[in-house]
Amino acid sequence: MAVHNADIAAIFEKIADLLEIEDANPFRVRAYRNAARLVQGLTHDLKAMVEAGEDLTELPGIGEDLAKKIIEMVTTGHCSFLEKLEKQTPPALTELLKVPGLGPKRVKALWHELDVETVPQLARAAREGRIRTIPGFAEKTEARILEALQAQLAAVPRFQLAIAAQYAASLVRYLEGVPEVRRVVVAGSFRRGKDTVGDLDVLATATAASPVMARFITYDEVAEVLSQGPTRATVILRAKLQVDLRVVADASYGAALHYFTGSKSHNIAIRRLGQAMGLKINEYGVFRGKERIAGETEESVYAAVGLPYIEPELRENRGEIEAARAGRLPHLVELGDLRGDLHAHSKASDGHHTWREMATAAKARGFEYLAVTEHSRHLTVAHGLDPMRLRRQMDEIDALNAELEGITLLKGIEVDILVDGSLDLPDAVLRDLDLVVGAVHSHFDLPRDKQTARILKAMDSPHFTILAHPSGRLIGSREPMDVDMPRIIRQARSRGCFLEVNAQPERLDLQDIYAQMAKEEGVLLAISSDAHRIQDFDNLRFGMQQARRGWLEKKDVLNTRSLPELRHLIAGTMGR
DNA sequence: GCCGTTTTCGGCCCGACTGTTTTCAGTCG
């Protein structure tokens, strides 16, 4: 049975939940949670590592015991320790932990006092007024549980980064207008550029006299105030997006920004470093005894523990602290490094602007080149091009290039990868293009081996240049295809072709850890807008953040190259 | 359960807010 890293992470989380309900040593619980997070973010397959005989205890947070459990899981497909725990403690209890307001202590009390083991049982107990009879619970708690269960029914998924960005922008403008407010910044997973955010963590610096907190909870988009104190408040916007506001004095800006940006795991690691140096780090600053020695800027916080500044996108405790200590932090690629865009559409297929308009907009962003990559004929809903229309477009592009100054349109196609792995257009026409972007747009649910083989075969085409949106996921609506991504990455290396980080907010595909894996394998990535209208070039900022989360540097990105360099690199893949 | 320019044992990040417990535990981030 195939055991993936995600399966192992899920089992460690489950063990941590059950141990916590059993009131186990909290540090033991944390060890399992740390391990789960580590495994989730690993760029290497644990099964492959075990098969290769690698020493898992080299991984930070994995000791003898957890290594043994991982080996058991990848070789037998199950975890005997979890099975033992599930005999002692009903496994469904871990579902109760997901109800906001219920932690391990309360879940245990509900189980012992009322025999509540499942969410439906919890709902019934709340409706029947039995919860208030448990010591430590009262009517208000019971009411909140009922409310939370109702809210869970109308489950709010995480928000796409780009959507959260819209709510963030107007809230920030509003708060900046409040008297005595100095700075407002959105921290949290938003600042780290995660593909989705669960809530917005907003930091403001203000004087004690500022009415910022009162203004915040009366913001006209606020639907509900969950909690409110002098320095912190939590609200739900009408859009169902939760927003936490934290207010500190301006002198604490850096420490608070660091604390509020997270990730939690990164913060813990930094605080431990501080602790080892006799320092205490909190959101107000870095302290030696009572004396504050840093905290006005994030740089000062890192400097206090002997580290250089670490970019927010790297702060996942996936090796960035070790890299910082060793002076090996990547110099992350930036939006300004892009010299062009290698995936875009026009009215000719399913876009909304002409190539003249697209080229003008691209040039205005400082781009030297823009690839013309319409859909191919198989994608009829998108008015995909057949060979004849493509030939005609190639002539039009030649004519347009003769007119345009300061930008070059590259002749390309986003060709469908058919279910058997063949490409939707004949070699005779593909060979005359500057580049061929291949993409899957159908049959997303093939079994893993077939799906992988299909894509590998497509990449075998001598004209194949870039694999677009490699996982095929649509955030919130379509899961990634079940494919062997490490194998696809190795195929890209051996064929000398490239993978895409698609910047459309619902795609952001490749995902960060695979982008990092590609970098480690020496495969260049294209950060592409997949623009269907001129405004879509703005999405590149989200693709850029995803790429930065994958530790990509300028040298790792195909479209940071000048046009001659780009042509040279592509020539290595075309016409073999 | 992990880990060591404090340590192979004894530590393990830190603070805000809520509700209910009259002084703090539980939860959350």
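Quick note: numbers below take in every heavy atom, side chains included, and nothing from hydrogens, waters or symmetry partners. All chains are named by letter (A, B, ...) in the order of the sequence lines, taking the proteins before the strands, and each is independently numbered beginning at 1. All of these numbers come straight from a predicted model, not from anything done at the bench.
For the pair R182(A) and Y253(A), the cation-pi criterion (under 6.0 Å, within 45° of the ring axis) is not fulfilled.
Rounded to a whole angstrom, the distance from the P atom of dA16(B) to that of dG10(B) is 32 Å. To the nearest whole angstrom, the two P atoms, one in dT5(B) and one in dG1(B), are 23 Å apart. dT20(B) sits 27 Å from dC13(B) when the C1' atoms are compared, rounded to a whole Å. Atom name P, nucleotides dT8(B) and dG15(B): the rounded distance is 28 Å, in whole Å. Comparing the same atom, P, in dT22(B) and in dC14(B) gives a spacing of 30 Å after rounding to whole Å. Taking the P atom of each, dC28(B) and dT23(B) are spaced 25 Å apart, rounded to whole Å. Distance check on atom P: dC17(B) versus dC12(B) gives 25 Å, rounded to whole Å.
Residue S227(A) places no side-chain N or O under 4.0 Å from the OP1 or OP2 atom of dA16(B). In this structure, K68(A) does not reach the dG1(B) phosphate: none of its side-chain N or O atoms is under 4.0 Å from OP1 or OP2. In terms of phosphate contacts, R30(A) brings a side-chain nitrogen or oxygen within less than 4.0 Å of OP1 or OP2 of dC13(B). Side-chain nitrogen and oxygen atoms of T231(A) include at least one within less than 4.0 Å of the OP1 or OP2 phosphate oxygen of dC17(B).
Nearest-nucleotide assignment on DNA chain B puts the 5′-proximal partner with R232(A), out of R232(A) and G103(A). Of the residues near DNA chain B, D244(A) and P60(A), the one whose nearest nucleotide (by heavy atom distance) lies more toward the 5' end is P60(A).
Among residue pairs with one or both ends in residues 102-143 of chain A, none qualify as ring-ring contact (aromatic ring centres under 6.0 Å, His included); sequence neighbours excluded.
Residues of residues 252-264 of chain A that place a heavy atom closer than 4.0 Å to DNA chain B, in numerical order, are Y259(A), K264(A). For residues 104-113 of chain A, proximity to DNA chain B is found at P104(A), K105(A), R106(A), defined as any non-hydrogen atom under 4.0 angstrom from a strand atom. DNA chain B is contacted by I268(A), R271(A), R272(A), Q275(A), A276(A), K280(A), I281(A), N282(A), E283(A), Y284(A) of residues 267-297 of chain A, taking any non-hydrogen atom closer than 4.0 Å.
Distance, F137(A) CZ to dG26(B) P: 10 Å, rounded to whole Å. For the pair N25(A) CG and dG11(B) P, the interatomic distance rounds to 13 Å; values are reported in whole Å.
Every residue two or more places apart in sequence or in another chain that forms a salt bridge (Lys or Arg N to Asp or Glu O under 4.0 Å) with E95(A) is listed here: K98(A). With sequence neighbours excluded, the residues forming a side-chain contact (heavy atoms from CB on, under 4.5 Å) with D17(A) are R33(A), T94(A), L97(A), listed by chain and number.
The closest donor-acceptor contact from the side chain of R215(A) to the backbone of V178(A) lies at 3.5 Å or more, if one exists at all.
Scanning both residues, N502(A) and Q504(A), for their nearest heavy atoms gives OD1-N, 3.0 Å.
Between F159(A) and Y167(A), the angle of the ring planes goes over 60°, which puts this pair in the perpendicular group of the 30/60° scheme.
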